2 protein chains.
Amino acid sequence: MTDQDSARRPKYQRIADELRDAIRSGDFAPGDRLPGENDLMATYEVARMTARQALSVLRTEGLAEARKGAGVFVRVFRPLRRRGIPRLAGDHWGGGRSVWSADVEDRELVVDRIEVGEAEAGARVAEALDLPPGAPVCVRSRRFVLDDKPVLLSVSYLPADLARGTRITERDTGPGGTYARLAELGRRPVRFREEIRCRMPTAEESEGLALELGTPVVLIDRTAFTEAGVAVELNEMTLDSSSYVLEYDFGA
Amino acid sequence: MTDQDSARRPKYQRIADELRDAIRSGDFAPGDRLPGENDLMATYEVARMTARQALSVLRTEGLAEARKGAGVFVRVFRPLRRRGIPRLAGDHWGGGRSVWSADVEDRELVVDRIEVGEAEAGARVAEALDLPPGAPVCVRSRRFVLDDKPVLLSVSYLPADLARGTRITERDTGPGGTYARLAELGRRPVRFREEIRCRMPTAEESEGLALELGTPVVLIDRTAFTEAGVAVELNEMTLDSSSYVLEYDFGA
DNA sequence: CAGTGGTCTAGACCACGCG
DNA sequence: GCGTGGTCTAGACCACTGC
């Protein structure tokens with residue numbers, strides 16, 4: 001009766017299917033504990049590794065997370081909405097607020113792992129900023145942590161001759177951030193290009209964003225241009241995909 | 001000598017690290033065959049499952065793919081560039097071309113699994129189209145296959161009272177596609193909102209897009225609005241993330 | 001300290017694909 | 001046909017968590 005209909009589908013997949021259905025149907029709500037390895041071994045009369053493999057399917061699908069010594073739990077999602085276009089409107093950061101204040105509202109935002117320095121432009125950076133390869137660039141990297149969860153890694157590149165001697169090279173760039181400083185230099189960014197990619201994280205990204213198994217990252221490469229069409233900044237962002245919904249509004 | 005520096009890192013991780021480094025450094029180029037399970041067992045003197053686990057790390061990272069009976073290979077990427085904004089400019093589809101011709105250029109595009117029908121709006125569709133829940137909607141679903149690789153699943157919803165009696169309810173919507181028909185009805189879409197999410201695929205998505213292990217999907221929900229601000233279409237798209245780079249250009 | 005998940009071994013049989 | 005990866009078993013020891 002129970003294994004007559006197995007129909008060539010591997011046991012671990014069938015177990016995963018049942019658990020997945022139970023999650024989707026609401027039998028297990030976000031945050032609930034799922035049956036553990038021992039439970040599955042008993043219920044389905046399978047070996048340890050088979051039960052493990054079933055759970056690993058759900059984890060790599062991003063549906064479940066394992067907590068050592070505690071159990072396996074249904075994952076909880078609470079994505080942030082990131083509005084691609086109005087957030088960069090001049091009247092946001094122009095008024096002394098960072099572009100971030102548009103996103104986070106009443107949640108607790110911490111910026112850490114701030115590093116500022118100078119380096120030689122690699123091929124990609126040089127091309128984006130229209131500089132000769134090896135040209136000096138100001139590099140600003142930082143991490144954004146929202147309610148104790150890291151959500152974004154950001155590395156920003158600017159031509160060094162533009163940034164030197166300004167607060168852009170300091171840890172705190174001042175009110176309105178880098179874009180306000182650029183505006184003061186007569187290089188106000190008015191046009192932007194964002195390129196979006198998505199893939200599984202590297203080990204470093206996984207560590208830096210404290211990612212669960214089965215969580216992709218979103219890469220946003222934003223180039224900022226002045227009215228004259230000169231690229232003044234390349235910002236490479238790495239987002240925890242489970243923490244974000246991106247939104248773009250535009251006319252035809 | 002070889003395991004003195006193991007430093008608590010699991011064997012399978014150390015093996016995966018070495019292979020990953022070899023890939024990144026170019027010792028294995030895209031498409032190359034990697035050492036198989038038996039090779040790793042011999043080289044590192046580990047059990048089968050340990051070698052397997054090492055390879056599975058690379059696969060879930062999206063760096064390698066297994067071909068049954070053949071071996072494990074370094075994955076090859078050739079993403080399409082999808083320009084979010086100019087592709088929807090009226091002069092593209094207005095001239096009788098589909099919005100797709102902007103993306104694919106000289107590659108072979110096949111559209112299959114076309115289904116057109118009517119259904120009752122679920123909660124999300126009803127909200128997006130500003131209809132009462134359960135209202136009849138026209139549903140158009142299809143799959144785009146580029147050079148024999150499926151890259152996008154699309155399901156489009158329109159208010160049924162708008163679509164009925166037009167070519168929108170036929171398999172072939174005619175020159176310029178759905179948007180050109182809407183324009184003829186006096187409901188020309190002029191504003192768009194795209195919401196972007198990213199996650200691991202469900203089993204159905206994985207099948208429909210023929211995804212490798214370790215390949216996330218990108219979800220784009222696009223709502224089209226008329227000049228009067230009325231939502232006339234919701235298009236839910238599911239993309240193979242390894243096949244796409246999304247691009248958005250906009251001013252501040 | 002009892003139970004959990006994490007790692008690892010040493011076997012087995014199978015289906016598939018390439019030569 | 002032989003080697004490949006895919007599935008599965010029945011054990012083992014460990015580290016961590018929570019009671």
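All chains are named by letter (A, B, ...) in the order of the sequence lines, taking the proteins before the strands, and each is independently numbered beginning at 1. Values reported hereafter were calculated over all heavy atoms of this structure, with side chains retained and with hydrogens, waters and symmetry mates removed. Because the structure is a prediction, the values reported are computed rather than measured.
In this structure, B:R52 reaches the D:dG6 phosphate: one of its side-chain N or O atoms is under 4.0 Å from OP1 or OP2. Remark: B:N38 is not in phosphate contact with D:dG3, judged by side-chain N or O atoms under 4.0 Å from OP1 or OP2. In this structure, A:Y12 reaches the D:dT7 phosphate: one of its side-chain N or O atoms is under 4.0 Å from OP1 or OP2. Contact annotation: B:T50 side-chain N/O to C:dT7 OP1/OP2 distance is not under 4.0 Å.
Taking the side chain of A:V72 as heavy atoms from C-beta on, and the options C:dC8, D:dT17, C:dG5, the nearest nucleotide is C:dG5. Of the candidate nucleotides D:dG5, D:dT9, C:dT9, D:dG5 has the atom nearest to the side chain of B:R33. The side chain of A:M49 lies closest to D:dT9, out of C:dG5, D:dT17, D:dT9. Taking every side-chain heavy atom of B:R48 into account, D:dG6 is the closest of D:dT4, D:dG6, C:dC8. If you check D:dG6, D:dT4, C:dG6 against the side chain of A:K68, the one that comes closest is C:dG6. In this structure, the nucleotide among D:dG6, C:dT9, C:dT4 sitting nearest to the side chain of B:K11 is C:dT9. Checking D:dT9, C:dC8, C:dG6 against the side-chain heavy atoms of A:A66 singles out C:dG6 as nearest.
Residue B:R59 places no side-chain atom within donor-acceptor reach of the base of D:dG5, judged by atom type and a 3.5 Å distance cut-off alone.
A salt bridge between B:D221 and B:R193 is absent, with no side-chain N of the basic residue lying under 4.0 Å from a carboxylate O of the acidic one. The pair A:R20-A:E61 meets the salt-bridge criterion, since a charged nitrogen lies less than 4.0 angstrom from a carboxylate oxygen. Look at B:R140 and B:E233 and you find no salt bridge, because none of the NZ, NE, NH1 or NH2 atoms lies under 4.0 Å from a carboxylate O.
In this structure, A:L40 places its CG atom 15 Å from C1' of C:dG3, rounding to the nearest Å. The OH-P distance, from A:Y44 to D:dT9, rounds to 14 Å in whole Å. The nearest whole Å value for the distance from the CZ atom in A:F73 to the P atom in C:dT4 is 11 Å. At whole-Å resolution of the value, CD in B:E65 and P in D:dG6 are 11 Å apart. With rounding to whole Å, B:Q53 atom CD is found 15 Å from D:dT7 atom C1'. Look at CD on B:E37: it is 14 Å from C1' on D:dC8, rounded to the nearest Å. Whole-Å rounding puts the B:M41 CE to C:dT9 P distance at 9 Å. If you take CZ of B:R9 and C1' of D:dC14, they are 18 Å apart, rounded to a whole angstrom.
Here the side chains of B:R124 and B:E236 are in contact, with some heavy-atom distance below 4.5 Å.
Nearer the 5' end of DNA chain D, as judged by each residue's closest nucleotide, is the contact made by B:G71, out of B:G71 and A:R67. Positionally, the nearest nucleotide of DNA chain D for B:L34 lies more toward the 5' end than for the other of B:L34 and A:G69.
Both tests pass for B:R67 against the ring of B:F73: distance under 6.0 Å to the centre and angle within 45° of the axis.
At least one donor-acceptor pair under 3.5 Å links the side chain of A:R171 to the backbone N or O of A:I114.
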